[in-house]
Amino acid sequence: QVYVVESGGGSVQAGGSLRLTCAASGYRDFRFSRYRVYWVRQSPGKSLEWVSDISVSGNTYYADSVNQRFTITRENGKNAVYLQMDSLKSDDTAMYYCAAERRGGTALRKPLSLHDYELWGQGTQVTVSS
């Protein structure tokens, strides 16, 4: 069984920072490096929103709403992906999920559900006060 677990969420003031971690585990010789990994988020009353993703090659992509404020990285030796969030604002308040897929094709940046992805975690809450 392959699964991911998010951590690092919390409550911060506007302008502050948080670093989220997505840790993956699986079968013997499992390599998270084979997956494109995404961060998506959802707040009450709003649709699921793609935030960022990182490719197998290490290329990074960001939604306009977080560009220049968030940074996604991966540490393949630890089967981990991180999301450094700086200059946080109240609009960033949401449950943040890590998701991943190994399938080929176009990156999924307009998700309707977490079920659109091959893997996803239980989420970690980020709350930003004004």
Side-chain angles (χ1 to χ4, degrees):
Q1 182 179 355
V2 178
Y3 63 93
V4 299
V5 177
E6 303 96 331
S7 62
S11 181
V12 298
Q13 297 182 155
S17 299
L18 284 173
R19 182 178 183 249
L20 307 184
T21 296
C22 174
S25 299
Y27 47 83
R28 184 177 179 180
D29 203 36
F30 168 79
R31 296 185 184 278
F32 206 30
S33 60
R34 298 171 180 172
Y35 294 77
R36 177 183 290 272
V37 181
Y38 303 77
W39 285 99
V40 299
R41 66 187 183 186
Q42 187 165 30
S43 58
K46 295 184 178 180
S47 300
L48 192 66
E49 179 187 17
W50 168 77
V51 174
S52 180
D53 64 83
I54 185 165
S55 74
V56 172
S57 300
N59 299 128
T60 58
Y61 307 86
Y62 303 92
D64 289 342
S65 60
V66 306
N67 192 35
Q68 298 185 346
R69 298 189 299 118
F70 291 10
T71 303
I72 187 170
T73 58
R74 68 192 309 164
E75 195 167 356
N76 292 334
K78 294 185 177 181
N79 287 327
V81 172
Y82 309 97
L83 185 68
Q84 178 66 43
M85 306 186 295
D86 298 319
S87 301
L88 285 163
K89 52 187 180 181
S90 59
D91 287 349
D92 296 317
T93 295
M95 182 72 75
Y96 283 71
Y97 299 92
C98 175
E101 56 183 359
R102 193 164 58 176
R103 67 172 179 83
T106 305
L108 208 173
R109 303 191 179 115
K110 293 184 177 180
L112 297 178
S113 168
L114 290 174
H115 293 272
D116 291 346
Y117 301 100
E118 296 178 18
L119 300 170
W120 64 91
Q122 61 185 355
T124 185
Q125 179 67 40
V126 171
T127 301
V128 185
S129 59
S130 301

Fill in the blank from the handout: Note: Gln42 and Leu48 closest approach over all heavy atoms is NE2-N, 3.6 Å
Handout entry: Arg69 side chain to Ser65 backbone, donor-acceptor under 3.5 Å
Key = yes
Practice task
Find out whether Met85 and Val12 are in side-chain contact, i.e. whether some heavy atom of one side chain is under 4.5 Å from a heavy atom of the other.
Solution key: no
Problem - Side-chain donor/acceptor of Ser57 to backbone N/O of Asn59, under 3.5 Å - result: no
Exercise for the section: To the nearest 0.5 Å, tell me how far Tyr38 OH sits from Ile54 CD1. Expected result: 12.0 Å
Practice task
Kindly work out whether a path of hydrophobic side-chain contacts (I/L/V/M/F/W/Y, heavy atoms less than 4.5 Å apart) joins Leu119 to Tyr117.
Solution key: no
Practice task
Working to the nearest 0.5 Å, report the span between OH of Tyr96 and OG of Ser43.
Solution key: 9.0 Å
Exercise for the section: Check the surroundings of atom CD in Gln84: do more than 12 heavy atoms from other residues, nucleotides or ligands lie under 6.0 Å from it? Expected result: yes
Practice task
Determine yes or no for a side-chain-to-main-chain donor-acceptor pair under 3.5 angstrom, with Arg74 supplying the side chain and Ser55 the backbone.
Solution key: yes
Handout entry: Non-hydrogen atoms of Val40 and Leu114 that approach each other most closely
Key = CG2-CD2, 3.7 Å
Problem - Cationic N near anionic O, under 4.0 Å, Arg41 to Glu49 - result: yes
Practice task
For Glu6 and Cys98, indicate whether the former's side chain and the latter's backbone hold a donor-acceptor pair under 3.5 Å.
Solution key: yes
Fill in the blank from the handout: Between the CZ atom in Phe30 and the OH atom in Tyr35, the distance rounded to the nearest 0.5 Å is 5.0 Å
Problem - Closest contact, heavy atoms only, His115 versus Trp120 - result: ND1-CH2, 3.4 Å
Problem - For Asp53 against Arg36, the heavy-atom pair lying closest together - result: OD1-NH1, 2.7 Å
Practice task
Report whether Val126 and Val51 are members of the same hydrophobic cluster (ILVMFWY, side-chain heavy atoms less than 4.5 Å apart, transitive linking).
Solution key: yes
Practice task
Determine whether Leu88 and Phe70 make a side-chain contact, defined as any pair of heavy atoms from C-beta on separated by less than 4.5 Å.
Solution key: yes
Exercise for the section: Check whether any side-chain N or O of Asn79 sits under 3.5 Å from a backbone N or O of Phe32 as a donor-acceptor pair, and report yes or no. Expected result: yes
Exercise for the section: Could you pull out the closest heavy-atom pair between Thr71 and Tyr62, with the gap in Å? Expected result: CA-OH, 3.3 Å
Problem - Verify same cluster id: Tyr97, Val81 (apolar side-chain graph, 4.5 Å) - result: no
Which atom pairs, one a donor and one an acceptor, fall under 3.5 Å between side chains of residues 13-27 and the rest of the protein, sequence neighbours left out?
{"residue": "Ser17", "atom": "OG", "partner": "Asp86", "partner atom": "OD1", "Å": "2.8"}
{"residue": "Tyr27", "atom": "OH", "partner": "Arg102", "partner atom": "NH1", "Å": "3.4"}

Exercise for the section: Indicate yes or no: at least one non-hydrogen side-chain atom of Leu108 is less than 4.5 angstrom from one of Glu118. Expected result: no
Handout entry: Donor-acceptor contact present, side-chain Thr93 to main-chain Val128, <3.5 Å
Key = yes
Problem - For Leu83 against Ser52, the heavy-atom pair lying closest together - result: CD1-CB, 4.4 Å
